[in-house]
2 protein chains.
Amino acid sequence: MTMDTTPLAGLLAAVPDTDGLDTRILDAALAEFETYGLRRVSVEDVAKRAGVARTTIYRRFTNKEQLLQAVILREVRRFLTAIAEATERLGSAEEAVVEGFVVGLQAARDQALLTRVLHSEPESFLPQLSMNGGAVMLAARDILADRLRRARPGDRQDFDTVAEVLLRVAVSLLLVPDGGLRLDGEDEIRAFAREHLTRLLRPSP
Amino acid sequence: MTMDTTPLAGLLAAVPDTDGLDTRILDAALAEFETYGLRRVSVEDVAKRAGVARTTIYRRFTNKEQLLQAVILREVRRFLTAIAEATERLGSAEEAVVEGFVVGLQAARDQALLTRVLHSEPESFLPQLSMNGGAVMLAARDILADRLRRARPGDRQDFDTVAEVLLRVAVSLLLVPDGGLRLDGEDEIRAFAREHLTRLLRPSP
DNA sequence: AGAGCTACAATACTTGTAGTTCTGTCCTTC
DNA sequence: GAAGGACAGAACTACAAGTATTGTAGCTCT
């Protein structure tokens, strides 16, 4: 048996969650953070919403910061799972590129926590971005690259980089929305990806 | 005679700068902002460094914010000029893609003001990004798209979007450096652009 | 074993205030 | 048109007093 050390494995590793109380707490914390931002939420608030004593939260999570990280981790895991599932039943590599991009961009835009912090507490966003951003991108990249390799078994091209470029385009659309590309609906996103991003793939050998 | 209304024209429009005093002030302001950030610099500091009375600055610029915007505008103009010049004597469209990306990314990374604010005053960076980021990207996109069209006179493909994707990849490398792609030296950047980004171009007709 | 509850020290965050700096304008002199 | 001084109002800094929050511990109940 080998030790899993990839970012993907680390981020997608199964969670114990014996009794569902962790889940209740994380749900409450997520709801609070999404509604009020990070700064204005106290552990007490989370406890009240979860219907739990404050001390219980401290028994499960070492401190507020780690609670936040646990919330983020779960959201990241959901995000990655969404990408993984949407690209699982793979047709062509082109299809994987398109669906990976569409789902990735949409899921990121729909992340209430992310957009909340980005818009109402930008000062805490950049730090979080440099703390988690790279790892999340690597994990998502690994998933997509895997899909591409599966779709093109013989092909030895650099799928990692192709996948990362996809993701970086999505990231920049998220962070700098006011460019020439609007990409509003799912249809627009898909059309753009199909028309332009599939070109990143070399024609199959 | 037609009115120029493109972002490019607006940003690249010639500056009067009658006497060179504006330049002295802008030089001083740039140096101060690069060294100490935006918050810690007073107009007095700028005046001292420029060897000018503080009131003079207020005669030339309406307020501190507008002085900052003038500094940024000049830097943006330099940035765009660098891209425009580096891609002027165009060979193939592929060459334009590669050089545009290399010069754009390097120039952005070497912008002392940008990196200064990004790292030491992130809270003021995101607002600036949404204020100016889109326009700058549009202007740079127009320049690059123009180069591509010139290199492929008959070709009717969507060069605007190709150019924008290039730029967005560069932006994301700037904002999220800790991914799988390091792209440290000029050679690495160029190799990446040549290998992957030129694929965004459709083969010539 | 683990949640609830109370209590508690330490820390962090508000509030109000006084003092200082900075901004932006005006006016006079050169 | 620039320099320089002078000035009111705004913004920032420092600091003290009060309040809220954090994180820990002990005890009870199941």
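Proteins come first, then strands; the chains are lettered A, B, ... in the order of their sequence lines, and each starts at number 1.
Contact between the side-chain N/O atoms of A:T55 and the OP1/OP2 oxygens of C:dG4 is not found at any separation under 4.0 Å. Remark: A:T56 is not in phosphate contact with C:dG2, judged by side-chain N or O atoms under 4.0 Å from OP1 or OP2. Contact annotation: A:R60 side-chain N/O to C:dA3 OP1/OP2 distance is under 4.0 Å.
Not one N or O on the side chain of B:R199 forms a donor-acceptor pair closer than 3.5 Å with the backbone of A:R199.
Rounded to a whole Å, the CD1 atom of A:I57 is 10 Å from the P atom of D:dT22. Rounded to a whole Å, the CG atom of A:D22 is 11 Å from the P atom of C:dG2. Atom pair B:Q66:CD and C:dT23:C1' shows a separation of 15 Å (rounding to whole Å applied). Computed from coordinates, the B:D45 CG to D:dC12 C1' distance equals 14 Å when rounded to whole Å. For B:E44 and C:dT21, the CD to P distance is 12 Å, given to the nearest whole Å. B:F61 has its CZ atom 15 Å from the P atom of C:dT25, to the nearest Å. If you measure from atom CD of A:E65 to atom P of D:dG23, you get 9 Å, rounded to the nearest angstrom. Rounded to whole angstrom, the span from the CZ atom of A:R59 across to the C1' atom of D:dT22 amounts to 16 Å.
The A:V52 side chain lies nearest to C:dG4 when the options are C:dG2, D:dA2, C:dG4. Here the side chain of B:S42 is nearest to one of D:dG4, C:dT23, D:dT22, namely C:dT23. Among the nucleotides C:dG4, C:dT14, D:dG23, the one closest to any side-chain atom of A:A53 is C:dG4.
Separation of atoms CZ (A:R24) and CZ (A:R60) is listed at 10.0 Å; rounding is to 0.5 Å.
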Given B:E95 and B:L90, is the side-chain contact (heavy atoms from CB on, under 4.5 Å) satisfied, shown in steps? CA-CA 7 Å; B:E95 228 179 288; B:L90 27 70; over 6 Å; no

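Between A:G51 and B:V41, the residue anchored nearer the 5' end of DNA chain C, judged by the nucleotide with its closest heavy atom, is A:G51.
For the side-chain hydrogen bond (donor to acceptor under 3.5 Å, both in side chains) with B:Q106, the lone residue among B:E186, B:Q111, B:R190 that qualifies is B:E186.
A donor-acceptor contact under 3.5 Å is not formed by the side chain of B:R54 with the base of D:dG5.
Residues A:R49 and A:D45 are not paired through a salt bridge, judged by the lack of any N-O separation under 4.0 Å between the basic side chain and the carboxylate.
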